[in-house]
Amino acid sequence: MSDFQEIERKWQQRWEDAEAFTVETDTSATKFYNLEMFPYPSGYGLHMGHIRNYAIGDAIARYKRLQGYNVLYPMGWDAFGLPAENAAIKHDIYPAEHTYNAIAQLKSSMERIGLSYDWSREIATCDPAYYKWNQWLFLQLYKNGLIYRDTATINWCPSCHTVLANEQVEQGQCWRCDSEIEMQKLEQWFVKTTAYADELVDDLEHIDWPERIKAMQRNWIGRSEGTVVIFPIVDTAAQLDVFTTRIDTIFGCTYVAIAPDHPLIETAQEQTDKQTAQKIRQFAETALKEQRFEKETTDKQGMFTGLYARNPATQEAIPIYVANFVLGTYGSGAIMAVPAHDERDFAFATAYDLPIRQVISQEGESQEPLQESYTGYGTLVQSGQFSGQESVTAIDTITDWLAEQNLAYHSVQYKLKDWLISRQRYWGTPIPAIYCDRCGIVLVPEEQLPVELPDDVSFTGEGNPLETSETFIKTTCPHCGQSAQRETDTMDTFFDSSWYFLRYCDPHNTQQPFDTDISNHWLPVDQYIGGAEHAVMHLLYARFFTKALRDLGYLSFSEPFQRLFNQGVVHKDGVSMSKSKGNVISQEHIEEQFGIDTGRLYLVSVASPEKDIEWDDSDIKGTYRSLKKLYSLADKPTTHQNDDKTLSKQHKAIADVTEYMEQFQLNKAVNTVLSFVDYLYNLETVPLPAAEAAALLANPFAPHASEELWEKLGNTPFASLQQWPSCLSEYIDPTYEAEDLFIETVYRDIREVSKLVQKYSHIKIIVAAEWRHALYRQIVSIGRQDDLIQQLMAHEQFRQHHDFTVKAAQRYQDNPGAIPTTLIGQKREQQVLEREKARIADTFGATVSLCKEEDAESKKKERAEPMKPAIVLR
RNA sequence: GCAGGGGUAGCCAAGUGGUCAACGGCGCAGGGUUUAGGACCCUGUCUCACAGGAGUUCGCCGGUUCGAAUCCGGUCCCCUGCACCA
């Protein structure tokens, strides 16, 4: 055990004993809800990928806590799921036992990282006290029509022995085990996510999420606006509805195509001779299979149905084809084909010798015959009374024209399908339903909840284990009291995770899943952290739940996660770190070698948190050195007097770290802290206030070292519960009597300086030479130019040492509201200098003399020596 | 195809109009210290120059600007997600 490891254990124990991070709901405090996606307790130890994730979340929580926010930072377990059940089958251990063992292990690992969770709010979804409320919510959603039972063609995973939601099928394969999905027709439970399709798309505008995730959700929901056109079928009373986004091309529609499972195929078979009907049926069946089992038809094929439709715009009779690439699951399962203006239709028309009629032209006149399709917009040609119109506007005018004849209407289509939540497995929340021979499907009354998972089941690997439990299945109908059977399907575990963030706010409530007022106080989550793999699963379902619960009156907000962050993955040897790939660096290894703080620092500092990183054994040694310096600050001689340079370094570090934290640039924040530590480490004697500031600045990233240093410097624990160090104006004691305050920090903090000048007029403020031009720039930009500039210009040194650009000044003058972007250049050509000199003089009415710095002092030397005060304001 | 994100020195990686020859880390080189090995500390690390300094760089080509890694247009390449979506 390394020394560091010993120190770390000590502080972890002290935090726990003191319940340092327990938080109370306090509606008068400013809240911050910081949340990491709760993990599935797998039973494996943590590796660097996990630790990076937690280190990032903890850094944010600690930072906000130090800033005085009332921080809710809970942790719990997404404890239901297949692996536990598979372990039961394989190793003859009950899923509950397996899961609770894994939770104990994971929790202890987390504690050894020093994460500042409020463990009093811990939850596990496999706890009946939790899943009772899954069932309760199920009932509420059911009552309000948001859960229903339906027969549908669904995705079946033969390896997991269960159905899956669309979101859990990736390229035709199971998201967990990569088995090929089979299609089956079954009666199942669905959640009506489509009821909120519009809002789920629109509200993406209002949340601070990575563009990538938003794009994925938009794409998944797949909203598409267009027109449904009605094609009457020739010689029958039937009609064919077709959805299109390009109604402007309707005059060029020379055939229509329907999906292989379209109901019109039956009509077609009735209308024709036996042989043809047989052929059509065969074609449709083959095509349908192809659609279900293959990703994409390689070969676009079709067959004439014998039916004709009347193009409502041209009144022509056009053939109806059945085609293998038309999907029954989207739109109305039929397309209007415009070969001249759609690539696929063009190829199809060419292959089947169908007419190609140009109706849009870029030149404004017809160019037939076309060599290829043109899919853009342009001017309509050969389009009756609409010829000459721009196709973009024709989308509306043609829709209106057809709508007047009841042949079209505006329509919105979605790719999103309702969420199938039935699972034919044991280790999940039992769906609270009962099948009664007399009453049909009856839901379990609220007062009988929870429906608990039984123990008397056998895990054979065949079928749903719940079906083996006599005690579970046999029940009585709540309606008629006759014997009845329980539903043996359980809920998709994503149901559990769709509202867990609400439970944390009020985790021990036995009367309801959560208290409305308390949830409204804490939510939405201010910072949510997790992997991008949940983009269209958990993140979509949780948004749906929030909106649904809002409309049921339980919540008064619409989005659960205001800000979302996706951390990058940790790679080793080019692939992501994972147990199954055998390339993990374990938590234990890092703890023993360097202490966990080193690991945390390294993982947070090595790159921007959203980027993937490549683990490098030798990289971490650099971080280890830095951490040692931090620890060793406690052993250096200290002084109570802070010197000007250190003070200025300190303020700059505080300002920078704060800014970086706000921008979620944790890597830069860490690097700033470490270089400040490095600076202090190189001093003979360390000013106490500076060392204390360093201890606090390091707290979010290396909390153990922070506490240790803080205590050794003579303070009372805990550093973790102190006030974040403030910079400049707040920091300075109004009675501060030092002669000069040396300010380097003004670069980023000129606003602070102005405040300071106003507040403490007795303090002389000195600006370092290197920063003067930046100061000048910022002064101009905040509109305090008049007095400050005058003072600056009055100062001999200021005038002498700098060359000015004047564009900025001029722009500022032309447009006083604008922020000038410009100022000084050191290597200016002489004539430019002269021009600028004149401008400056003009603009500010000051005399400017420009000198090149001919003196021999090298740049290096200048940097090595403490900077000389250059300007005195007041 | 649609959508999102990238291309910076040997490697990783900061850097969104002037404090940029470009933070930091790794690697490499020299020195110190210690040493069984290692670990640690300092210095250097685009090119030329003893140095002051000079030259040439941020995928490629153009443009805007007094000034571009940074802004604009074009182009090449890479990654990620969705993909028969009418």
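Hydrogens, waters and symmetry mates are skipped; everything else that's a heavy atom, side chains included, is used. Chain letters run A, B, ... following the sequence lines, proteins first, then strands; residues in each count from 1.
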Least distance between heavy atoms, [X] atom then [Y] atom:
X	Y	value
A:Asp241	A:Ala334	O-CB, 3.8 Å
A:Leu601	A:Phe701	CD2-CB, 3.6 Å
A:Phe231	A:Ala309	CB-CB, 4.0 Å
A:Ile395	A:Ile247	O-CG2, 3.3 Å
A:Thr623	A:Thr598	CG2-O, 3.8 Å
A:Tyr681	A:Ser632	CE1-OG, 3.2 Å

Can you tell me how far [atom1] in [N] sits from the matching atom in [M], rounded to whole Å?
N	M	atom1	value
B:U35	B:G25	P	28 Å
B:C58	B:G53	P	24 Å
B:U70	B:U16	C1'	5 Å
B:C78	B:G62	P	23 Å
B:G59	B:G67	C1'	23 Å
B:C46	B:G52	P	14 Å
B:C26	B:U45	C1'	13 Å
B:U80	B:A29	P	36 Å

If pairing requires Watson-Crick or G-U wobble contacts with both distances under 3.5 Å, which nucleotide is the partner of [N]?
N	answer
B:U64	none
B:G4	B:C79
B:C58	none
B:A39	none
B:A51	none
B:G10	B:C26

Of all the nucleotides listed ([options]), which has the minimum atom distance to the side chain of [X]?
X	options	value
A:Trp220	B:C85, B:G81, B:C82	B:C82
A:Arg212	B:C82, B:G4, B:C85	B:G4
A:Asn219	B:C84, B:G81, B:C85	B:G81
A:Ala215	B:A3, B:G5, B:C82	B:A3

Whole-Å distance between [N] [atom2] and [X] [atom1]?
X	N	atom1	atom2	value
A:Arg246	B:C85	CZ	P	14 Å
A:Ile620	B:C11	CD1	P	23 Å
A:Glu211	B:G81	CD	C1'	13 Å
A:Asn324	B:C85	CG	P	13 Å
A:Asn566	B:G81	CG	P	13 Å
A:Asn671	B:G24	CG	C1'	5 Å
A:Tyr602	B:G24	OH	P	17 Å
A:Arg223	B:A3	CZ	C1'	16 Å

Please list, for nucleotides 31-41 of chain B, all pairs of protein and nucleotide N/O atoms separated by less than 3.5 Å.
residue: B:C40; atom: OP1; partner: A:Arg625; partner atom: NH1; Å: 3.4
residue: B:C41; atom: OP2; partner: A:Arg625; partner atom: NE; Å: 3.4

Name the residue closer to the 5' end of RNA chain B, choosing between A:Lys415 and A:Val606 according to the nucleotide with the nearest heavy atom.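 First, find each residue's nearest nucleotide; the 5'-ward one identifies A:Val606.
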
Take A:Gln665 and A:Ser332, find for each the nucleotide of RNA chain B with the closest heavy atom, and name the residue whose nucleotide sits nearer the 5' end. A:Gln665

Does A:Trp209 have A:Arg543 sitting over its ring (NZ/CZ under 6.0 Å from centre, angle to axis within 45°)? yes

Base, sugar-phosphate alone, or nothing: which one does [X] contact when heavy atoms must sit under 4.0 Å apart?
X	result
A:Glu343	nothing
A:Lys611	sugar-phosphate
A:Val242	nothing

Under 4.0 Å from OP1 or OP2 of B:A86: is there any side-chain N or O of A:Ser224 that close?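 Answer is yes, contact under 4.0 Å.
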
Output yes when at least one side-chain N/O atom of A:Arg218 is less than 4.0 Å from OP1 or OP2 of B:C2, else no. no

I'd like to know if the side chain of A:Asn667 pairs up with that of A:Tyr660 as donor and acceptor (distance under 3.5 Å, no hydrogens or angles considered). no

If the plane angle is over 60° it's perpendicular, under 30° parallel, otherwise tilted; pick one for A:Trp419 and A:Tyr541. parallel

Polar side-chain contact A:Lys300-B:C84 base: donor and acceptor under 3.5 Å: yes

Keeping A:Arg246 on the side-chain end and A:Thr375 on the backbone end, is there a donor-acceptor pair under 3.5 Å? yes

